Amino acid sequence: MPNLQQTPPFSLADMAWRTAYRLGFPLARIWWRLRRQRHEGALVAVHVGGAVLLLRSSYRAAWNFPGGSVRRGETPEAAARRELAEEIGLRVPALRPAGVVGGVYDGRRDRVHLFELRLERLPALTFDNREIVGGRLVSAAEWPDMALTGPVAAYLRGARKETSPDRTVPAEPATG
């Protein structure tokens, strides 16, 4: 399936942010490993028909779902919805819980809450061109050949058994 194109032009500020992410992420991984850091995250599997949306970040080789850290005092679903808006400009009223995976990811013990969003069509997405630099709709036939983050790989192994695309949710581009 084709890559999704970034709409805003790439700027010098974007290049500086990407460089900071590329340099900072490996250092953060070392820090987390040394501190035996625990982490709680939330990811969203966005299904469009028989495909799932995967994102490319500027600082890691593996593909990931939209998502990130759960902030103190924030519910995992609120974090997932916030990250959807921040990373791809998508606001949704609700997400379907899809389980929790745990493991050591990026050098820290991680508990990742997974959510699903099923859409009839993918609306226009907005990548920030700094942290998130691209995306792809990927079919089940493509997953095995891709570098995926640990939580995404765990979800997709289980998701292959589930093929009911009957739950769809309206989505609107984020504003502001």
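We use all heavy atoms of the structure for the numbers below, so side chains are in, but hydrogens, waters and symmetry mates are not. Computed from a predicted structure; not experimentally measured.
- No side-chain heavy atom of L117 sits less than 4.5 Å from a side-chain heavy atom of L53.
- Atom CZ of R81 is separated from atom CG of L90 by 11.0 Å, given to the nearest 0.5 angstrom.
- Side-chain N or O atoms of E87 include one that pairs as donor or acceptor with a backbone N or O of G67 at under 3.5 Å.
- The minimum heavy-atom distance linking V133 with S58 is given by the pair CG1-CB, 3.8 Å.
- P66 and I88 get closest at one heavy-atom pair: CG-CD1, 4.1 Å.
- The side-chain heavy atoms of F127 and L55, taken from C-beta on, include a pair separated by under 4.5 Å.
- R109 meets the salt bridge (charged side-chain N to carboxylate O under 4.0 Å, His left out) test with no other residue; sequence neighbours excluded.
- With a 4.5 Å cut-off on side-chain heavy atoms, L54 and M146 count as touching.
- Across every non-hydrogen atom of F65 and V52, the tightest pair is CE2-CG2, 3.6 Å.
- Inter-residue side-chain proximity for L137 and V46 is flagged as unmet; no heavy-atom pair is nearer than 4.5 Å.
- Two residues are said to be in side-chain contact when any heavy atoms from C-beta on lie closer than 4.5 Å; L84 and L95 meet this criterion.
- With sequence neighbours excluded, no residue satisfies side chain to side chain donor-acceptor pair (under 3.5 Å) with E83.
- Under the side chain to side chain contact (heavy atoms under 4.5 Å, CB included) criterion, A79 pairs with A42, V70, E74, R82, sequence neighbours left out.
- Remark: F115 engages no residue in a ring pair (Phe, Tyr, Trp, His ring centres under 6.0 Å) (not counting sequence neighbours).
- R111 places a side-chain heavy atom less than 4.5 Å from the side chain of V100.
- Minimum heavy-atom separation, A62 to R56: N-NH1, 4.0 Å.
- Remark: T149 pairs with N64 by the side chain to side chain donor-acceptor pair (under 3.5 Å) rule, at least two apart or across chains.
- In this structure, the side chains of P97 and H113 stay at 4.5 Å or more apart for every pair of heavy atoms.
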Check step by step if side chain to side chain contact (heavy atoms under 4.5 Å, CB included) holds for L156 and L148.
CA-CA 10 Å; L156 291 177; L148 304 169; 3.8 Å; yes
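- Looking at heavy atoms from C-beta onward, V101 lies out of side-chain contact with D110 at the 4.5 angstrom threshold.
- In terms of heavy atoms, E40 sits closest to P76 at OE2-CG, 4.1 Å.
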Given R136 and E142, is the side chain to side chain contact (heavy atoms under 4.5 Å, CB included) satisfied, shown in steps?
CA-CA 11 Å; R136 286 182 63 186; E142 296 173 276; 2.5 Å; yes
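- Salt bridge annotation for R71-E86: present, with a cationic side-chain nitrogen under 4.0 angstrom from a carboxylate oxygen.
- Take T75 and apply the side chain to side chain contact (heavy atoms under 4.5 Å, CB included) test, not counting sequence neighbours, and it matches E77, A78.
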